[in-house]
Undergrad: 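I have a structure I would like to understand better, so I am pasting it below and will then ask my questions one at a time.
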Amino acid sequence: MKHEIENKKLVFHLEGELNSYNAEAVETEIEKTIEQGGFDTIVWDIENLKYMSSAGLRIVVRLKQAYDDFSIINMSDDIYEVFTMVGFTELINIKRKK
């Protein structure tokens, strides 16, 4: 997972799968990066994320609870459908993949 800070936005680029096998490592890396500071907003760019399990959804919930200015961009239709079913589209600023 790569990350960068652009205009006070901390952008994480997630790819592959976010599931129970790697969620803990992903969350740990996110927390360590956040601790460094230097940003006002957190953005997940998930253009290359193919699958997200409930373990990934838990990370989303934690980030949203801790940071009001958290958004997700480049979301695929499949992942958007899951977010709609669990009601996350009402709570999180989401931009779908074009």
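None of these values were measured; they are calculated from a predicted model.
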Undergrad: I need the single residue from I73, I72, L18 that forms a side-chain contact (heavy atoms from CB on, under 4.5 Å) with I46. Which is it?
TA: I72
Undergrad: Once you round to the nearest 0.5 Å, how far does CG of N22 lie from OG1 of T28?
TA: 11.0 Å
Undergrad: How are the rings of F39 and Y67 set to each other: parallel, tilted or perpendicular (split at 30° and 60°)?
TA: tilted
Undergrad: Work out which heavy atom in L49 is nearest to a heavy atom in M52; give both atom names and the distance.
TA: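 Heavy atoms only, the tightest pair is CD2-CE, 3.6 Å.
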Undergrad: Let me confirm one number: the CG-CZ distance from N74 to R96, rounded to the nearest 0.5 Å.
TA: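 Output value for this atom pair is 12.5 Å.
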Undergrad: Same cluster or not: V11 versus I79, using hydrophobic residues (I, L, V, M, F, W, Y) connected whenever any side-chain heavy atoms lie under 4.5 Å apart?
TA: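 No; tracing contacts between hydrophobic side chains, which count when under 4.5 Å, never links both residues.
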Undergrad: Does the side chain of H13 come under 3.5 Å of the side chain of E47 through a donor N or O and an acceptor N or O?
TA: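 There is no such pair between these side chains.
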Undergrad: Determine whether more than 12 heavy atoms belonging to other residues, nucleotides or ligands lie under 6.0 Å from atom CD of E24.
TA: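 No, because the 6.0 Å sphere around CD of E24 holds 12 heavy atoms or fewer from other groups.
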Undergrad: Indicate the atoms forming the closest heavy-atom contact of L10 with H3, along with that distance.
TA: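 Minimum heavy-atom contact is CD1-CD2, 4.0 Å.
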Undergrad: Would you say that more than 12 heavy atoms from the other residues, nucleotides or ligands in this model lie under 6.0 Å from the NZ of K97, or not?
TA: yes
Undergrad: For I59 and A23, work out which heavy atoms get closest and say how close.
TA: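 Shortest heavy-atom contact: CD1-O, 3.5 Å.
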Undergrad: I'd like to check I30 versus I42 (side-chain heavy atoms, cut-off strictly below 4.5 Å). Are they in contact?
TA: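 I30 vs I42: side chains apart.
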Undergrad: Rounded at 0.5 Å granularity, tell me how far CG in L91 sits from CD in Q65.
TA: 10.0 Å
Undergrad: N19 side chain to Y21 main-chain N or O, any donor-acceptor pair under 3.5 Å?
TA: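 The answer is yes, because a donor-acceptor pair under 3.5 Å joins these two groups.
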Undergrad: In terms of hydrophobic clustering (I, L, V, M, F, W, Y; side-chain heavy atoms under 4.5 Å; direct or indirect links), are F88 and Y80 co-clustered?
TA: yes
Undergrad: Please answer: with hydrophobic residues joined when any side-chain heavy atoms are less than 4.5 Å apart, are L14 and Y51 in the same cluster?
TA: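 No, no single cluster joins them.
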Undergrad: Are any of the side-chain heavy atoms of L63 and I34 separated by less than 4.5 Å?
TA: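 Counting from C-beta outward, L63 and I34 do come under 4.5 Å.
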Undergrad: Just say parallel, tilted or perpendicular for the rings of W44 and F70, cut-offs at 30° and 60°.
TA: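 Correct class here is perpendicular.
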Undergrad: Taking all atoms of both residues into account, what is the closest heavy-atom pair of S20 and S53, and its distance?
TA: N-OG, 3.6 Å
Undergrad: What are the two closest non-hydrogen atoms of M75 and I94, and how far apart are they?
TA: SD-CG2, 3.6 Å
